[in-house]
Amino acid sequence: MDDTDYTKVEQTDILSANPAQVTSLLIANSTDSLRTVSTKVMLKNGASFNRVQIDTVSQTKGILSGKEVIKDKVLPTPVFWKFVGLIFFQILLVTMVYGPIAAFLVELFPTKIRYTSMSLPYHIGNGVFGGLVPFIATLIASFSGSTPLSGLWYPIGIAALSLVIGTIYLSNKRDENIND
């Protein structure tokens with residue numbers, strides 16, 4: 001079983017499954033009711049989750065099975081610490097970029113227009129491109145035929161575009177001969 005795929009759990013992977021909690025709710029102005037079956041599952045690798053099944057119980061049609069939903073996922077301890085380490089590494093990379101960016105922007109523009117020329121592109125870049133990343137990435141990932149990681153192509157594309165534009169248009173203003 002994959003560390004994150006809880007839909008394909010084999011019986012041999014299950015350490016314990018708490019008895020199902022069954023609740024019923026009568027639908028207003030109807031003889032039908034909703035039956036919710038919730039089971040807490042613990043796996044041998046340390047992961048756990050709640051399996052929830054909501055069925056409609058009808059007098060005329062019988063039991064109409066609903067889709068099973070996996071909720072409250074808890075990662076196994078080694079996988080959890082692997083993710084913590086990866087996030088720490090990403091934070092380290094971001095601080096390596098944001099540290100020198102202020103000095104770069106200060107030296108890039110003349111004193112008379114420094115504040116406006118620094119503030120405007122910085123805030124547009126962070127606000128528009130950075131602020132829309134979650135929305136556009138989720139939109140791309142929700143297209144039919146895409147994988148959950150398809151949304152990463154938007155930030156990769158923006159970073160590649162910034163690299164191309166920066167390489168073409170940014171030059172050394174102070175010393176044209178950088179090799180001396």
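In this text the structure is predicted, and so the values were computed from the model without any measurement.
- Nearest heavy atom pair, residue Q53 against residue G66, reads NE2-O, 2.6 Å.
- T77 meets the side-chain contact (heavy atoms from CB on, under 4.5 Å) test with W81; sequence neighbours excluded.
- Hydrophobic side-chain contacts under 4.5 Å tie V22 into a cluster, directly or through other members, with V37.
- Within the 4.5 Å cutoff, no side-chain heavy atoms of F80 are placed close to those of V74.
- Judged by distance alone, with hydrogens and angles left aside, the side-chain atoms of S48 form no donor-acceptor pair with the main-chain N or O of M42 at under 3.5 Å.
- Residues meeting the side-chain hydrogen bond (donor to acceptor under 3.5 Å, both in side chains) test with T147, sequence neighbours left out: S150.
- A distance of 8.5 Å separates NZ in K71 from CG in N50, rounded to the nearest 0.5 Å.
- A search for side-chain hydrogen bond (donor to acceptor under 3.5 Å, both in side chains) contacts involving T23 returns nothing, not counting sequence neighbours.
- Take T36 and apply the side-chain hydrogen bond (donor to acceptor under 3.5 Å, both in side chains) test, not counting sequence neighbours, and it matches no residue.
- Residues meeting the side-chain contact (heavy atoms from CB on, under 4.5 Å) test with K67, sequence neighbours left out: none.
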Hey, can you pull the donor-acceptor pairs under 3.5 Å for the side chains in residues 86-100, sequence neighbours left out?
residue	atom	partner	partner atom	Å
T95	OG1	I91	O	3.3
T95	OG1	L92	O	2.7
Y98	OH	N126	OD1	3.3

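- Interatomic distance, CD1 of I168 versus CG of L163, reported as 9.5 Å (0.5 Å rounding).
- At a threshold of 4.5 Å between non-hydrogen side-chain atoms, the residues L34 and T56 count as touching.
- Residues I70 and V41 share a hydrophobic cluster, clusters being chains of Ile/Leu/Val/Met/Phe/Trp/Tyr side chains in contact below 4.5 Å.
- Residue pairs meeting the salt bridge (Lys or Arg N to Asp or Glu O under 4.0 Å) criterion with at least one partner in residues 30-39, sequence neighbours excluded, are R35-D55.
- Heavy-atom minimum distance, A141 versus S146: O-OG, 2.8 Å.
- In the hydrophobic clustering, where aliphatic and aromatic side chains (Ile, Leu, Val, Met, Phe, Trp, Tyr) are joined below 4.5 Å either directly or transitively, V133 groups with L120, I124, V128, F129, L132, F135, I136, L139, I140, F143, Y154, I158.
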